[in-house]
2 protein chains.
Amino acid sequence: MIVTNTENQELTIENKIDKVFDMEHCEGILCPIKDILAHLGDKWSIFTILALGQNKVARFNELKKQVNGISQRMLTVTLRSLEENGLVSRQIYPEIPPRVEYALTSLGHSLLGQMLQLAEWATSHRDEIEEARQNFKEKKLVF
Amino acid sequence: MIVTNTENQELTIENKIDKVFDMEHCEGILCPIKDILAHLGDKWSIFTILALGQNKVARFNELKKQVNGISQRMLTVTLRSLEENGLVSRQIYPEIPPRVEYALTSLGHSLLGQMLQLAEWATSHRDEIEEARQNFKEKKLVF
DNA sequence: CGGTATCCCGTGTGATACTG
DNA sequence: CAGTATCACACGGGATACCG
């Protein structure tokens, strides 16, 4: 017998949302979720983490090639931000020419898992989204 | 016996990443993942979806109260964008005073699940992140 | 190579005012 | 109530030039 435990799931989801909103109501910097989600939402962060997921370690210009379209400046900024939040480690070798190796920390790896799920979601629902966009366009043309 | 199938998981993750990057290399607007992730990354979209997850349906000003700090303009823009992508439905009742009810579509609900996982991740790792930030600050002070 | 510093422009976003 | 319209402006982010 297959149990469609929709109601149970609904309850769990509701609870989760309530929890999120409890946290969300704290002020400014003190709100961790608002704060963290704002960071992760950044598109360059997402792509940089994905790129670092491909290589175990990567150097600056390697990353720049992988993350299509990112400028030197934004890669620097993004990497610093990720480092600051403990998602990426930065190993400097005092050689000439200088070498710097970036890698995901274990925390970063754990986030990578989340990113991949998001990416999978995006992939598997792209058709629905595309369809919705077409509908929306037509709707606008009618009025 | 507990099997730590790290290697298997690694393989899966690698494969997933490669898949994402295959898609990512297509050009401009044609890249669905780049496109979709960029949308979802928007912080107002995230919070609006979470808010809509709390109520089955919600009216404009209800949402405005729930999504702490959002301006009228940005709520409008965000809702339109979500509607355009098929995540939110918009039901207009031609009454006076006018009434408009927003709700998550099934697609939106499915995305909500993903958002909640992200939020959970953020919650359960906030201490590590906070610690990383402290370390980073100190590191900067040393040099 | 792996950055930092500076400039500068577009647009994202808040504030305010008006409308059906 | 549920928006639209307009303006003003800070800030993200690209281009460029320079440094250790």
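In what follows, chains are A, B, ... by sequence order, proteins preceding strands, each numbered from 1.
Contact check, B/Arg80 against D/dT4: a side-chain N or O comes under 4.0 Å of OP1 or OP2. Residue A/Arg99 places none of its side-chain N or O atoms closer than 4.0 Å to OP1 or OP2 of C/dG3. One finds a side-chain N or O of B/Arg59 lying less than 4.0 angstrom from the OP1 or OP2 phosphate oxygen of D/dA2.
Following rounding to the nearest Å, A/Leu75 (CG) and C/dC1 (C1') show an atom-to-atom distance of 13 Å. A/Arg90 has its CZ atom 9 Å from the C1' atom of C/dG2, to the nearest Å. B/Lys64 has its NZ atom 11 Å from the C1' atom of C/dA15, to the nearest Å. Atom pair B/Ile92:CD1 and D/dG3:P shows a separation of 7 Å (rounding to whole Å applied). If you measure from atom CD of A/Glu62 to atom C1' of C/dG2, you get 12 Å, rounded to the nearest angstrom. Distance, A/Ile70 CD1 to C/dG3 P: 13 Å, rounded to whole Å. We find that CG of B/Asn61 is positioned 6 Å from C1' of D/dC1, with the value rounded to whole Å. The distance between atom OH of A/Tyr93 and atom C1' of C/dG3, rounded to the nearest whole Å, is 18 Å.
Residue contacts shown for A/Tyr102 are limited to sugar-phosphate atoms, with no base heavy atom under 4.0 Å away.
Minimum heavy-atom separation, B/Leu107 to A/His125: CD1-CD2, 3.2 Å.
Between B/Thr76 and A/Arg73, the residue anchored closer to the 5' end of DNA chain D is B/Thr76, taking for each the nucleotide with the nearest heavy atom. When each of A/Gly69 and A/Pro98 is assigned the nucleotide of DNA chain D bearing its nearest heavy atom, the one mapping closer to the 5' terminus is A/Gly69.
Stacking of B/Arg90 on the aromatic ring of B/Tyr102 is not recorded, the 6.0 Å distance cut-off and the 45° axial limit not both being met.
Salt bridge present: B/Arg99 and B/Glu101 bring a charged side-chain N and a carboxylate O closer than 4.0 Å. Between A/Glu83 and B/Lys139 there is a salt bridge, since at least one side-chain N of the basic residue sits less than 4.0 Å from a carboxylate O of the acidic one. At a threshold of 4.0 Å, the pair A/Lys16-B/Glu120 counts as salt-bridged, since one of the basic side-chain nitrogens sits closer than that to a carboxylate oxygen.
Side chain of A/Met74, nearest nucleotide from C/dG14, D/dG14, D/dG3: D/dG14.
The base of D/dG14 does not come close enough to the side chain of A/Gln72 for any donor and acceptor atom to sit less than 3.5 Å apart.
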